[in-house]
Amino acid sequence: LGFPASLQMAGGFTAGTASAVITNRLLTDKMGPRRTGKIALAGTAGSLAGIAVGNMLNEAIAMANRPKLPEVETYQQEM
């Protein structure tokens, strides 16, 4: 992508961290051996969702910045 930090990376990090923290807070009173797995699963799911959203934002920005090129018929008429 050419940037040191991409939208996919930022979205994955932010959403993954947020979902892990929220899950940890929701499961604080439910201590048990399965708690760590649930927090890891929530963090992974949040990261994947953040990466997907970051990818869609990146594609939307790229589509908006594409130059408007003439149609093929324009070139063929000039020949």
Side-chain angles (χ1 to χ4, degrees):
L1 296 174
F3 297 109
S6 67
L7 289 174
Q8 294 91 338
M9 188 268 317
F13 177 77
T14 304
T17 303
S19 61
V21 168
I22 290 169
T23 304
N24 188 28
R25 288 183 184 163
L26 291 174
L27 297 178
T28 300
D29 53 344
K30 300 177 184 178
M31 298 291 192
R34 302 183 100 192
R35 180 177 151 207
T36 305
K38 290 178 182 178
I39 293 171
L41 183 62
T44 302
S47 289
L48 292 174
I51 290 168
V53 170
N55 191 29
M56 287 188 288
L57 285 173
N58 196 20
E59 287 182 22
I61 291 170
M63 291 290 283
N65 289 332
R66 283 208 176 114
K68 304 294 184 223
L69 298 175
E71 297 293 326
V72 175
E73 290 82 24
T74 306
Y75 292 115
Q76 291 175 348
Q77 290 174 357
E78 292 177 3
M79 293 182 144

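Predicted model only: the values in this text are computed from it and were never measured. Note that the numbering runs from 1 along the sequence shown for the chain.
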Cluster link M63 to L57, ILVMFWY, side chain under 4.5 Å
no
Considering non-hydrogen atoms only, spot the tightest contact between S19 and G43 and give its length.
OG-CA, 3.5 Å
Set of side chain to side chain contact (heavy atoms under 4.5 Å, CB included) partners for T23, sequence neighbours left out
L27, I39, A42
Side-chain polar contacts of residues 48-55 - donor-acceptor pairs under 3.5 angstrom, sequence neighbours left out - could you list them?
unit_1, atom_1, unit_2, atom_2, d
N55, OD1, Q8, NE2, 3.1

Measuring from T14:OG1 to M9:CE, what's the distance to the nearest 0.5 Å?
8.0 Å
